[in-house]
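We use all heavy atoms of the structure for the numbers below, so side chains are in, but hydrogens, waters and symmetry mates are not.
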Amino acid sequence: MRSHFGLLEVVLVLVFISNAQWVAKGNMSCKCDSYGVLRPHSVTITEFGAVGDGVTLNTKAFQNAMFYLNSFADKGGAKLFVPAGRWLTGSFDLISHLTLWLDKDAVILGSTYSEDWPVVDPLPSYGRGRELPGGRHRSLIFGRNLTDVVITGENGTIDGQGFEWWERFRNKTLDYTRPHLVELMNSTGVVISNLTFLNSPFWTIHPVYCSQVTVRNVTIRAPLNSPNTDGIDPDSCDDVCIEDCFITTGDDVIAIKSGWDEYGISYGRPSTNIIIRRLIGETRSSGIAIGSEMSGGVSEVHAEDLLFFNSAAGIRIKTSPGRGGYVKNIYMANVTLVNVGTAIRFTGNYGEHPDEHYDPNATPLIEKITFKDIKGENITTAGLMQGIEGDSFRDICLYNITLQVTTNSPWNCSYIEGYSEMVTPETCESLRGEIFPDHCSDCYGLPSDLRISRKRNKGAWLLSW
């Protein structure tokens, strides 16, 4: 994948690769991968009158191409080729059994006029736009109720040109919630790969109510001061794999969500079976976040081989009274943090509710969360872990974590219960219970043979630090 890294980024990548266990291990795999599918029918966007001069609006050309290619959906599907050029467009819909392919010098540009991004209904699991009551602008590349969709190429670019949207947000002149760059709803068999995404108006890649989603080998960039430009946000999705990505944005690199307060509880679709691996990110927010919209539940998340640098937080769980739902069975391992404010952060009173009808007694269940093999350099705070009074977060397990912390109070915990071993600096009192021999089963994802290897390697581990 061709990407434009700065010197610091290159150094970090090389250090990460030299130390990462996944180079030799690679023990997880993505089940869903339609990247190599051959489509029997192929057309080029220029056949529909598109002009790649960066000025001509090509929305109709993309819409007409989709209308034409839909006739091949039951004949093996089709491929829309976008050649080199700068292809300005408003929002357009994808179809099933489609490959949208961008050449290496192809750039799809989002229009800077809000009227080219139609307003659609809010998501039922949110009840309103995320930023404002009412509807929301549709994403630049959109699709719903689709099967077998591939968005890929030779590292072509999709640029949302979000600067106008960010200014309207800052100036409080938005009429509706800002659009995402890519959003697919109620779809199955989605692959997004080998592309660069730039300057999303809002969240960058947003699969919602989807199954079998793979995001692989993508670069996502937005200025670090751009508001809410999350990288990849799987939302009420299952069987998701995110791997081999470089993301630098103004908000969470990855944010796993599942609906907002009473609307998410009522809709009741969780995010589950999510694999994240070989990810490098930089943000003013969190590397991996769960929530704060998690009312449908989040579970079975496995994240490994992660590097976050120059970021506010490494890993964060966000929730609040009124959310309901759950976050459980979370495993994050082999994490490297460099120049990070807070390594691990739990926020139990995040706030932000869609309206006054939420139930303040709907408290979330947060349990069985394991952090293993984490190293950090120049970390301000090791952990800021705040649960909810009367609803403690439990079975939080920390194993083999070493953080070079610059503050005299490295841990701050409240309403947190759990266990730890081989953690430096020493954790707060509520996490000092030993994992072995009695609590290994309370720690999600720890292998059964870990105690044996722990005894064998503990002396060498201590000497290495």
- Which residues pass the side chain to side chain donor-acceptor pair (under 3.5 Å) test with Asn199, sequence neighbours left out?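 By the side chain to side chain donor-acceptor pair (under 3.5 Å) rule, Asn199 matches Asp159.
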
Within the 4.5 Å heavy-atom criterion, are [X] and [Y] side-chain neighbours or not?
| X | Y | answer |
| --- | --- | --- |
| Phe197 | Ile205 | yes |
| Phe309 | Thr248 | no |
| Thr99 | Thr152 | yes |
| Lys104 | Asn155 | no |
| Trp101 | Leu80 | no |
| Leu365 | Glu367 | yes |
| Trp203 | Asp252 | no |
| Val43 | Leu69 | yes |

How far apart are the closest heavy atoms of [X] and [Y], and which atoms are they?
| X | Y | answer |
| --- | --- | --- |
| Leu146 | Ser96 | CA-OG, 3.3 Å |
| His41 | Gly77 | CD2-O, 3.5 Å |
| Tyr326 | Pro270 | OH-CB, 3.5 Å |
| Leu181 | Ile158 | CD2-O, 3.7 Å |
| Ala106 | Trp87 | CB-NE1, 4.4 Å |
| Phe393 | Ile396 | O-CG1, 4.1 Å |

Can you tell me how the ring of [X] sits relative to the ring of [Y], calling it parallel under 30°, perpendicular over 60° and tilted otherwise?
| X | Y | value |
| --- | --- | --- |
| Tyr444 | His302 | perpendicular |
| Phe48 | Tyr68 | tilted |
| Trp117 | Trp165 | perpendicular |
| Tyr358 | His353 | parallel |

Measure centre to centre between the rings of Phe163 and Trp166, then say whether the value is under 6.0 Å.
->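 Yes.
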
Can any side-chain N or O of [X] pair as donor or acceptor with the backbone N or O of [Y] at less than 3.5 Å?
| X | Y | result |
| --- | --- | --- |
| Thr204 | Asp230 | yes |
| Lys75 | Ser71 | yes |
| Ser320 | Gly351 | yes |
| Asp359 | Asn361 | yes |
| Ser271 | Cys237 | yes |
| Thr56 | Val51 | no |
| Thr229 | Pro227 | no |
| Thr59 | Gly90 | yes |

Could you verify whether a donor N or O on one side chain and an acceptor N or O on the other, from [X] and [Y], lie under 3.5 Å apart?
| X | Y | result |
| --- | --- | --- |
| Ser292 | Arg323 | yes |
| Asn310 | Asn339 | yes |
| Arg316 | Thr347 | yes |
| His206 | Asp233 | no |
| Ser285 | Asp251 | yes |

Legend entry - Worked check of side chain to side chain contact (heavy atoms under 4.5 Å, CB included) between Leu279 and Ile247: CA-CA 8 Å; Leu279 174 71; Ile247 301 172; 3.9 Å; yes

Just verifying a value: how many Å separate [X] [atom1] and [Y] [atom2], rounded to the nearest 0.5 Å?
| X | Y | atom1 | atom2 | value |
| --- | --- | --- | --- | --- |
| Asn334 | Leu307 | CG | CG | 10.5 Å |
| Met66 | Asn70 | CE | CG | 10.0 Å |
| Asn329 | Glu300 | CG | CD | 4.5 Å |
| Ser111 | Glu164 | OG | CD | 10.0 Å |
| Ile220 | Cys245 | CD1 | SG | 6.5 Å |
| Thr342 | Leu384 | OG1 | CG | 5.5 Å |

Pair Asp238 + Arg269: basic N to acidic O under 4.0 Å: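 Salt bridge: yes.
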
**Asked** Looking at Glu352 and Arg130, does any basic side-chain N land under 4.0 Å from a carboxylate oxygen?
**Response**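 Looking at Glu352 and Arg130, the cut-off is met.
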
- Take Arg278 and Asp305, measure what salt bridge (charged side-chain N to carboxylate O under 4.0 Å, His left out) needs, and give me the verdict at the end. CA-CA 5 Å; Arg278 299 192 298 269; Asp305 314 320; 5.3 Å; no

Exercise. Determine, step by step, whether Asn194 and Asn217 satisfy the side-chain hydrogen bond (donor to acceptor under 3.5 Å, both in side chains) criterion, reporting the C-alpha distance in whole Å, the side-chain angles of both residues, the deciding distance to 0.1 Å, and the verdict.
Key: CA-CA 5 Å; Asn194 300 338; Asn217 201 28; 2.6 Å; yes

For this session: Report the C-alpha separation of Tyr209 and Tyr267 in whole Å, then their side-chain angles, then the decisive distance to 0.1 Å, and conclude whether the ring pair (Phe, Tyr, Trp, His ring centres under 6.0 Å) test is met.
Result: CA-CA 10 Å; Tyr209 320 140; Tyr267 196 79; 4.6 Å; yes

Discussion item. The test is side-chain hydrogen bond (donor to acceptor under 3.5 Å, both in side chains); show your working for Thr272 and Ser299 and say whether it passes.
Written reply: CA-CA 5 Å; Thr272 188; Ser299 68; 3.1 Å; yes

Begin with the C-alpha distance, continue with both residues' side-chain angles, and end with the deciding distance and a verdict on side chain to side chain contact (heavy atoms under 4.5 Å, CB included) for Phe169 and Glu131. CA-CA 9 Å; Phe169 169 80; Glu131 298 181 290; 3.2 Å; yes

Margin query: Please determine whether side chain to side chain contact (heavy atoms under 4.5 Å, CB included) holds for the pair Leu337 and Ile379, giving the CA-CA distance in whole Å, both sets of side-chain angles, and the decisive distance to 0.1 Å.
Written below: CA-CA 8 Å; Leu337 306 173; Ile379 309 299; 3.8 Å; yes

Does [atom1] belonging to [X] count more than 12 external heavy atoms closer than 6.0 Å?
| X | atom1 | answer |
| --- | --- | --- |
| Tyr176 | OH | no |
| Arg144 | CZ | no |
| Arg86 | CZ | no |
| Lys60 | NZ | no |

Item to complete: Walk me through it: do Asn349 and Gln386 pass the test side chain to side chain contact (heavy atoms under 4.5 Å, CB included)?
Response: CA-CA 8 Å; Asn349 288 281; Gln386 300 168 327; over 6 Å; no

Qualifying residue for salt bridge (charged side-chain N to carboxylate O under 4.0 Å, His left out) with Glu183, from Arg138, Arg136, Arg178: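 So, applying the salt bridge (charged side-chain N to carboxylate O under 4.0 Å, His left out) to Glu183 and each of Arg138, Arg136, Arg178, only Arg136 qualifies.
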
